[in-house]
Structures are given as structure tokens and as C-alpha cells.
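This is a predicted model, so every value here is computed, not measured. Numbering starts at 1 and runs along the sequence shown.
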Amino acid sequence: MQTGAVLSAREARSLAISAQGLGTDRPSPAARRGPAQLRRLLDRLGALQLDAVNVLERTQFVVPFSRLGGYDRSDLIGLSGPGGAWFEYWGHAASLQPVESYPLFRWRMDEWRSDTHGGPTGQERRRQWRAAHADYLAALLAEVAERGALPASRLSEPRRNAGEWWDRRSDGRRALEVLFADGVLAAWRNPNFERVYDLTERVIPASVLDRPAPGPEEAQRELIAIAARCMGVATLSDLADYFWLRPAAARPRVAELVEAGRLLLVDVEGWDQPAYALADARPQALRRRHASLLSPFDSLIWNRARTERLFSFRYRIEIYVPEPLRTHGYYVLPMLLGDRLVARFGLKADRRASTLRVTGSYLEPGAELSAVLEPAATELGALGTWLGLAHIDVAARGDLGPALRRALGSRRQATASS
């Protein structure tokens, strides 16, 4: 590709989907899906967002399923923690990154420690809190040093907070979060999604900690280059958003990458902003026949403006919308088929009843029912099997619901009679 190249909308989608590890079919059912495959996937994605919502399954588990199919979730849990291949930090929100990327976030840790992160109001609040709790922060750090890895629930002095309902975190939890953001502590999640904290030098490998930390500008350049690789083609705001850089800070770094020939400036059909791609990026035909359900926090679609620009698909999560006002449901997953988002499904894992509940099924405008129905039924069946759910129950809500219910019923009958 050359600077000034013009990409069609379809070529842009192809670049984006392939860059996210969704351009080819999943491995065969007999193929190995273990820690090595998960490590390669995260290297490709650059960041795996974490989220506590467990109405279906937490997003950090669903994202690999969308690309690899069924795998053992304990393998993913085992990849972070002391000496692990992944580390948790504020990348794209709370997220996992390859441990080799740790030095690229030292500048952000330095900002937190010096209270220069965020706007003036947030900086002043942090300064005041640190000053008021300096002795407590020191005591907690000493406790972790002496006792070893601890979640907030096991602190000897958690200091419960009786403040406003929206700020009920204990002082202990808040102090651990401050030390984590500073980089003094590192953290990982236990199987209950609780953060466990320990001294950074007992978590991050010495071979990584001993590397010189690049300065802020160099680190931001590298993070933007990683973002460009992970997105295929992207605007400046897209590139900044991938690792939550401020656009004002990202703009000169993007210009420097263009000047160095690492990024190319391109035009994309229908986009009203300039776009950027790596110099070796090449649109290729997708080689995927299956459908993929995507978590609301999947890195292909986590930026809603980019999702609309790429796929003409308006997507909003409705967890915080009162039920009578929801358009599609509480926890809704778009479905990727080919290079289009063709449907969306409200999903819930009813573990007590061993049932995957499809609370709503919606066909996107322009998508053909005959083309979507069987891939959707197959993907929902694979998801239910991976989650260990024996049944799928489809509500009538949505224009795809009745046909999907019949298709899954026919599959059950065929299985029972075979």
C-alpha cells in the first residue's frame, strides 16, 4: 500500500477484521486450544479488556471464544499473575496486555504517581486523598510486602467507607488501587474476578522490569504503532482510543510515525476523516465461513463510532437503560458473518437451569434470513456447549426469534433421532 491510497469500505472492513484475528475460520474441533494459542491471540490483539458483567460470561473469556472456539477458561486465568505472559493494567480500560508491553506503560504509572494523570479536578482529588492517607498507604504497602499477595478482602485493616452510595469502596481497596496505578503493586484476577495485589517485582519478570523504560513520547509512538497493527486501518481518534491516549498527545506521535514511514496516510470510502495503516498492510479476501458472536467489549467493536463507520451498525450497550426503554436487551452480542454484522442477540446464561437463554434475536437491515439462520444456530449451539449449558431457549422477541426457534428445534429433533 502507498501513501494516498484509496480503500473501499469493504477493503477497510477486511483489514480491520483480519487484524483482529477474525479473518479466517476457527481451528478444527480437534485442534489444540491451549495457553500457546491464547498467548498468540493476545499478541495479535494487543489488549484484552476485562469486565465484571457475568450475565453470559465475562468478556475476557468471550473474546478468545469468538476467534478460537471452545477452550479451557482456566488456561486463560493461568496466563496472568506472577511470572505470567500477560499483565493487567490500564490499557484500554482495565485490560490484559502481553508482559513484553509492560515498559510501554511506565510513563502512565509515572503520571499517576506524580498526580498529573487526568484533568485538574481529578488531579487535585488524588493529591488530597494521598496526603490524607499517606500513613495508611505506607502501612498497606508494608503489609503486602510482608504477607505476600492479597486481595482487598484479606487486608488486616480494610477501613470500610460509609460515604455516598456511589463511592462505597473501602479505603483499603482504594489504597491498593492507587498503588496499582502507580506501578508499585501489580495485580491479577482470581477465578472470582477479584484483584489480587503483590509487589511488582514479585509479579513482573525481572527480564522485563530491567529493561529501560522509554520516555512518554517514544512509548506513545509504540502504542500507536501496536494499535495500527491491531486495527488494520484507523483514524487518529481510533488510534488514540485503543490504549486510551489523549488525542492531543496522539496527534504529534501519529505525525512522527508517518514521517518515519511506519504509518501511511490513506483515504477510506465514506470516511470523513483521514485514515492510517501500517506500511505493509494489504487488504485480503476473508477466509471465514462461520459466524462469530462478539462480546460488547470485543476490541473489534469497543469503539462505537468506529463500529458504525466500518459496518454501518449502530450499537449501544443497554445495561444501564431501564428495561422498558431498551431496544434490544440487557446484554446484546452482535454477530459477524463474512464482513458484515448481520444480527444481534440478547443472551443470558441460566446456569441453574443449564440453559442458554436468547432473550431477543434481531436481523439487521439488508441481511437475508436464509443466509443468517443456520450460521446463527450453529454459533449459538457452539457457545452453549462451551459454557456447559445443555439447552437453548429462544424467546419470540425480535424478527429473527421465531425462525431461530424452529431451526434449533429441528436440530434437536435430528440429534435425538440419530
Flag, side chain of [X] to backbone of [Y], donor-acceptor distance under 3.5 Å:
X    : Y    : result
R397 : S361 : no
Q97  : S95  : yes
R147 : R154 : yes
R326 : V321 : yes
E269 : A9   : yes
N192 : E194 : no
D241 : W244 : no
S18  : S14  : yes
S66  : S292 : no
R340 : L337 : no

Looking at side-chain heavy atoms only, is the closest gap between [X] and [Y] below 4.5 Å?
X    : Y    : answer
L310 : I17  : no
R251 : L236 : yes
Y89  : L96  : no
R33  : D75  : no
L347 : T359 : no
Q220 : F243 : no
D51  : R58  : no
M335 : F345 : yes

Is NZ or CZ of [X] both nearer than 6.0 Å to the six-membered ring centre of [Y] and within 45° of the ring axis?
X    : Y    : answer
R189 : F193 : yes
R73  : W386 : yes
R195 : W188 : no
R26  : F65  : yes

Qualifying residue, where the test is side-chain contact (heavy atoms from CB on, under 4.5 Å) with L300 and the options are L294, L45, V63: L294
Qualifying residue, where the test is side-chain contact (heavy atoms from CB on, under 4.5 Å) with L185 and the options are V144, V196, L140: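 Single side-chain contact (heavy atoms from CB on, under 4.5 Å) partner of L185 among V144, V196, L140: V144.
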Test side chain to side chain contact (heavy atoms under 4.5 Å, CB included) on Y242 and N303 and set out the steps. CA-CA 8 Å; Y242 207 83; N303 183 312; over 6 Å; no
Measure the [atom1]-[atom2] distance between [X] and [Y] for me, rounded to the nearest 0.5 Å.
X    : Y    : atom1 : atom2 : value
R405 : D393 : CZ    : CG    : 6.0 Å
L387 : L383 : CG    : CG    : 4.5 Å
L278 : L264 : CG    : CG    : 8.0 Å
S237 : L239 : OG    : CG    : 8.0 Å
Y136 : L141 : OH    : CG    : 12.5 Å

Using side-chain hydrogen bond (donor to acceptor under 3.5 Å, both in side chains) as the criterion, list what pairs up with [X], not counting sequence neighbours.
X    : result
R289 : D25
R262 : E222
S80  : none
Y276 : none

Would you sort out whether V254 and I224 count as a side chain to side chain contact (heavy atoms under 4.5 Å, CB included), showing the intermediate values? CA-CA 7 Å; V254 169; I224 288 169; 3.9 Å; yes
Identify whether the distance between the nearest side-chain nitrogen and carboxylate oxygen of [X] and [Y] falls below 4.0 Å.
X    : Y    : value
D182 : R130 : yes
D339 : R10  : yes
E111 : R108 : no

On the 0 to 90° scale, with breaks at 30° and 60°, tag the F87-Y102 ring pair as parallel, tilted or perpendicular. perpendicular
Between H133 and W129, what is the ring plane arrangement, given parallel below 30°, perpendicular above 60°, and tilted in between?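 Ring orientation, 0 to 90° scale: parallel.
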Would you check, one step at a time, whether the test salt bridge (Lys or Arg N to Asp or Glu O under 4.0 Å) holds for R221 with E218? CA-CA 5 Å; R221 276 194 297 272; E218 182 183 350; 5.4 Å; no
Can you run down the ring pair (Phe, Tyr, Trp, His ring centres under 6.0 Å) pairs that involve residues 359-381, sequence neighbours left out, and say none if there aren't any? H328-Y362
All pairs passing ring pair (Phe, Tyr, Trp, His ring centres under 6.0 Å) where residues 8-58 contributes a residue, at least two apart: none
Donor-acceptor pair between [X] and [Y] side chains, under 3.5 angstrom:
X    : Y    : answer
R44  : Q20  : no
R351 : T355 : no
S295 : D298 : no

Between R357 and D350, does the salt bridge (Lys or Arg N to Asp or Glu O under 4.0 Å) criterion hold? Intermediate values first, please. CA-CA 7 Å; R357 300 203 181 276; D350 184 344; 2.9 Å; yes
For R316, I'd like to know if atom CZ has over 12 heavy atoms of other residues, nucleotides or ligands within 6.0 Å.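 More than 12 heavy atoms, drawn from other residues, nucleotides or ligands, come within 6.0 Å of this atom.
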For R39, I'd like to know if atom CZ has over 12 heavy atoms of other residues, nucleotides or ligands within 6.0 Å. no
Decide if the gap between the ring center of Y71 and the ring center of F61 is smaller than 6.0 angstrom. no
